[in-house]
Amino acid sequence: MGSGLTPWTIALFVLTVAVWLLGRAGRRRERGRSGAADGPTEGRVSAVARLTSSVAVRVAVLVITLLVAVGAVIDVYRIGCEGGLARPFLNKRVR
């Protein structure tokens with residue numbers, strides 16, 4: 001049952017990295033808007049930064065991340081419940 005947690009963990013890690021990258025892209029775009037040129041782009045904003053800072057993309061990633069996090073918590077709870085019921089000194093399951 002514990003092996004079922006691996007996909008949830010991987011998905012949660014990937015989505016956490018995506019949220020982190022979206023935050024970095026948003027800050028980069030804000031710096032670009034303020035006119036602070038810190039590189040060869042001279043204040044221009046890339047298409048990727050424009051796309052990742054859109055509200056729809058951020059909300060979609062947030063909702064997916066929350067769903068995966070809730071799924072992982074439910075799976076951990078189920079693993080713990082099954083582990084608590086698998087006591088060798090009990091002959092039958094108590095629920």
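Starting from 1, each residue takes its place in the sequence as its number.
Residue Phe13 forms a side-chain contact (heavy atoms from CB on, under 4.5 Å) with just one option from Leu15, Thr16, Val17, and that option is Val17.
Leu62 and Trp20 fall into different hydrophobic clusters, where Ile, Leu, Val, Met, Phe, Trp and Tyr are joined by side-chain heavy atoms under 4.5 Å apart, directly or via other members. Under the 4.5 Å side-chain heavy-atom criterion for ILVMFWY residues, a single connected hydrophobic cluster contains both Ile64 and Leu12.
Counting heavy atoms from C-beta outward, Val61 and Leu22 have side chains that approach closer than 4.5 Å.
The side chain to side chain contact (heavy atoms under 4.5 Å, CB included) search around Ile74 returns Val70, Arg78, not counting sequence neighbours.
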Run the side-chain donor-acceptor check on residues 4-11: report pairs under 3.5 Å with partners two or more places apart or on a different chain.
{"unit_1": "Thr9", "atom_1": "OG1", "unit_2": "Leu5", "atom_2": "O", "d": "2.9"}

